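No experiment lies behind these values; they were computed from the predicted model shown.
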Amino acid sequence: MAARTISRCFVVSTRSYSSKTDKNVAFLGLGNMGGYMAANLVKKGFNVRGYDPSKDALTAASKNGVTGATSIAAAVDGADVVVSILPSNKVVLDAYLGKDGVVKHVPKGSLLIDSSTVDPNVPKQIFPVATESGVGFIDAPVSGGVMGAQNATLAFMVGGNKDDFDRSLPMLQAMGAKHFHCGGSGAGQVAKLSNNMLMGITGMATAECMNMGIKMGLDPKVLLDVLNNSSARSWSTEVYCPVPGLVPTAPSSRDYDGGFKNELMVKDLELASSMALGIRSPIPLGAVATQLYRIVQSRGYGQKDFSFIYQLLKEEAAKK
């Protein structure tokens, strides 16, 4: 297999894997991301049984060929693979290690894939319990947002055994375009939190500098063209521009809806900050970004995309 190494992470994007046995997938968490991910598994020929505490989410998923289940235990009954994308440390731990959770009810020999974004210690708690129970477990958080989930272009950052990573590839390839094995259990979460802290920082910086240039009288489109053809070019300028109307597919052009919610950015930045504190890694920019996104949330915009921070800076400038 041709692979290239980047900081001890291995990217797999060219080899095609196939599996004749792992066809029955249980999917836990059918929200903005999970609903599309489960639908893409169905499109690739997997039999998907899903569970979500939201009846609306179950109804929406059923329209895309996902069979609904009434509990986690019912969803994982007979499953070859379990995929989950859940909102918090506690929810993930309860879902996997609770008395009605995955590990107690999934068949031996199954593979568990958790795509939630959580503290790296969470998969490290689940991994040994799963191993002792005769099932594989990998942490596989994703990057790419709702658009990536919808279009099956997500990037998966995986921690766990290499054999389990290889086994997971048919499922990951059905849901995403890039798949990285980053190391042992928890390594996927470390990669994801590092990525999201940088995403938050660059998003904040893009909003700040575009607000400044526009306030000084520059045409917003001209300014964006300059940034995208200069050294400041980034994902935040090219794909996720925080100024409405400049990039039609960006959440800012949809009233900051349908993207990566500000409250989730706050959660991820807090997780990354906690991780940095534990190893005494300085994060001055990460700390500032965390506080600014918290301000956005405190003003009632937690459900808006995190690029709404541009509107916060714009409003603050208008007050002066």
**Request:** State, with a plain yes or no, whether a side-chain heavy atom of L41 is found less than 4.5 Å away from one of M175.
**Result:** yes

**Fill in**
dist S143:OG -> L154:CG (nearest 0.5 Å) comes out at 8.0 Å

**Message:** Test side-chain contact (heavy atoms from CB on, under 4.5 Å) on L58 and L30; report intermediate values, then the result.
**Reply:** CA-CA 7 Å; L58 283 171; L30 298 166; 3.8 Å; yes

**Message:** For a quick test of reading the model, state the closest non-hydrogen atom pair linking A149 to M37 and the distance between them.
**Reply:** CB-CG, 4.1 Å

**Message:** Please verify the inter-ring angle class for H179 with F156; under 30° counts as parallel, over 60° as perpendicular, anything in between as tilted.
**Reply:** parallel

**Request:** Output yes when D22 and R167 qualify as a salt bridge under the 4.0 Å nitrogen-oxygen rule, no when they do not.
**Result:** yes

**Message:** Please determine whether a side-chain nitrogen of the Lys or Arg among D225 and K221 lies less than 4.0 Å from a carboxylate oxygen of the Asp or Glu.
**Reply:** yes

**Prompt:** Is a side-chain donor or acceptor of K192 paired with a backbone partner of A187 at a separation under 3.5 angstrom?
**Reply:** no

**Prompt:** Quick one: does M210's side chain get under 4.5 Å of C241's, heavy atoms only?
**Reply:** yes

**Prompt:** Shared ILVMFWY cluster between L312 and V266, side chains joined below 4.5 angstrom?
**Reply:** yes

**Message:** So, taking the atom named CG in N32 and the one named CD in Q150, what distance separates them when rounded to the nearest 0.5 Å?
**Reply:** 10.5 Å

**Message:** Any side-chain to backbone donor/acceptor pair from D80 onto K23? Under 3.5 Å, distance only.
**Reply:** yes

**Asked** Given the rule in the side-chain contact (heavy atoms from CB on, under 4.5 Å) test, do I138 and L112 qualify, once you have shown the distances and angles that lead to the verdict?
**Response** CA-CA 6 Å; I138 59 175; L112 316 181; over 6 Å; no

**Prompt:** Are Y96 and V81 connected, step by step, through hydrophobic side chains (Ile, Leu, Val, Met, Phe, Trp, Tyr) whose heavy atoms are closer than 4.5 Å?
**Reply:** no

**Prompt:** Has the side chain of Y310 got a donor or acceptor atom that lies under 3.5 Å from a matching backbone atom of N211?
**Reply:** no

**Message:** Could you check whether any side-chain heavy atom of N161 comes within less than 4.5 Å of a side-chain heavy atom of F137, counting everything from C-beta outward?
**Reply:** no

**Heavy-atom side-chain proximity of N262 to Q303 below 4.5 angstrom** = no

**Fill in**
Between the CG atom in L193 and the CE atom in M157, the distance rounded to the nearest 0.5 Å is 9.5 Å

**Item:** Pair Y301 + Y256: ring centers closer than 6.0 Å
**Value:** no

**Message:** Looking at R254, I want to see if its CZ is surrounded by more than 12 non-hydrogen atoms of other residues, nucleotides or ligands under 6.0 Å.
**Reply:** yes

**Message:** Determine whether a donor-acceptor pair (N or O, by modelled atom type, separation under 3.5 Å) exists between the side chain of D139 and the backbone of Q189.
**Reply:** yes

**Message:** Are the side chains of N89 and L271 in contact, using a 4.5 Å heavy-atom criterion?
**Reply:** yes

**Message:** Checking side-chain polar atoms at under 3.5 Å, does N121 have a donor or acceptor matched by the opposite partner on D119?
**Reply:** yes

**Message:** One thing to verify: whether K304 and D257 come together as a salt bridge, which I'm taking to mean a side-chain N less than 4.0 angstrom from a carboxylate O.
**Reply:** yes

**Prompt:** So, for L269 and Y293, which heavy atoms are closest and what is the spacing to 0.1 Å?
**Reply:** CD1-CD1, 3.5 Å

**Request:** Would you mind reporting whether M197 and D268 have side-chain heavy atoms less than 4.5 Å apart?
**Result:** no

**Message:** With no hydrogens and no angle check, just 3.5 Å: does a side-chain donor-acceptor pair link N151 and T153?
**Reply:** no

**Prompt:** Ignoring hydrogens and geometry, is there a side-chain-to-backbone donor-acceptor pair from S110 to V106 under 3.5 Å?
**Reply:** no

**Item:** Taking every non-hydrogen atom, the tightest pair across I113 and A140
**Value:** CG2-CB, 3.8 Å

**Prompt:** Checking S115 side chain against V142 main chain: does a donor-acceptor pair fall under 3.5 Å?
**Reply:** no

**Item:** L285 reachable from M199 in the ILVMFWY side-chain graph, under 4.5 Å edges
**Value:** yes

**Message:** Using a 3.5 Å distance criterion without hydrogens, assess whether the side chain of R49 forms a donor-acceptor pair with backbone atoms of D77.
**Reply:** yes

**Request:** Could you give me the CA-CA distance, side-chain angles and deciding distance for S307 and D305, then say whether side chain to side chain donor-acceptor pair (under 3.5 Å) is met?
**Result:** CA-CA 5 Å; S307 59; D305 181 79; 2.5 Å; yes

**Fill in**
Contacts of K124 meeting salt bridge (Lys or Arg N to Asp or Glu O under 4.0 Å) (sequence neighbours excluded), chain-then-number -> none

**Asked** Is there a donor-acceptor pair closer than 3.5 Å between any side-chain N or O of H181 and the backbone N or O of G160?
**Response** yes

**Prompt:** For the residue pair P251 and G259, what are the closest heavy atoms and their distance?
**Reply:** CG-CA, 3.9 Å

**Request:** Take L227 and R233, measure what side-chain contact (heavy atoms from CB on, under 4.5 Å) needs, and give me the verdict at the end.
**Result:** CA-CA 5 Å; L227 296 178; R233 178 182 179 183; over 6 Å; no

**Request:** Decide yes or no on side-chain contact (heavy atoms from CB on, under 4.5 Å) for T206 and V243, but give the supporting numbers first.
**Result:** CA-CA 9 Å; T206 301; V243 181; over 6 Å; no

**Apart from I279 itself, residues in the same hydrophobic cluster as defined by side-chain heavy atoms under 4.5 Å** = none

**Prompt:** If we only count heavy atoms from C-beta on, is the I126 to L97 side-chain gap below 4.5 Å?
**Reply:** yes

**Prompt:** In the single-linkage hydrophobic clustering (I, L, V, M, F, W, Y; side-chain heavy atoms under 4.5 Å), do I283 and I295 co-cluster?
**Reply:** yes

**Message:** Quick check: do V102 and I72 have side-chain heavy atoms less than 4.5 Å from each other?
**Reply:** yes

**Message:** Closer than 3.5 angstrom, by distance alone: can the side chain of S116 be matched with the main-chain N or O of V118 as a donor-acceptor pair?
**Reply:** no

**Complete:** CD (Q291) and OG (S298) are apart, to the nearest 0.5 Å, by 10.0 Å

**Item:** Closest approach of D164 to G136 (non-hydrogen atoms, all atoms of both residues)
**Value:** OD2-CA, 3.8 Å

**Request:** Give a yes or no on whether the backbone of I309 and the side-chain of K314 come within a donor-acceptor separation of less than 3.5 Å.
**Result:** no

**Message:** Applying a strict under-4.5 Å side-chain criterion to I, L, V, M, F, W and Y, I'd like to know whether Y240 and V226 cluster together.
**Reply:** no

Pairs under 3.5 angstrom only: tabulate donor-acceptor contacts from the side chains of residues 61-71 to other protein residues two or more places apart or in another chain.
unit_1	atom_1	unit_2	atom_2	d
S62	OG	T59	O	2.6
S71	OG	A74	N	3.1

**Asked** Relative to the ring of F260, is the ring of F306 parallel (under 30°), tilted (30 to 60°) or perpendicular (over 60°)?
**Response** perpendicular

**Fill in**
When rounded to the nearest 0.5 Å, the distance separating CD1 of I214 from CE of M216 is 12.5 Å

**Complete:** Nearest heavy-atom contact between A75 and L28 is CB-CD2, 4.0 Å

**Prompt:** Do S84 and D114 have a side chain donor and acceptor closer than 3.5 Å?
**Reply:** yes

**Prompt:** If you count the non-hydrogen atoms of other residues, nucleotides and ligands that lie under 6.0 Å from OH in Y36, is the total more than 12?
**Reply:** no

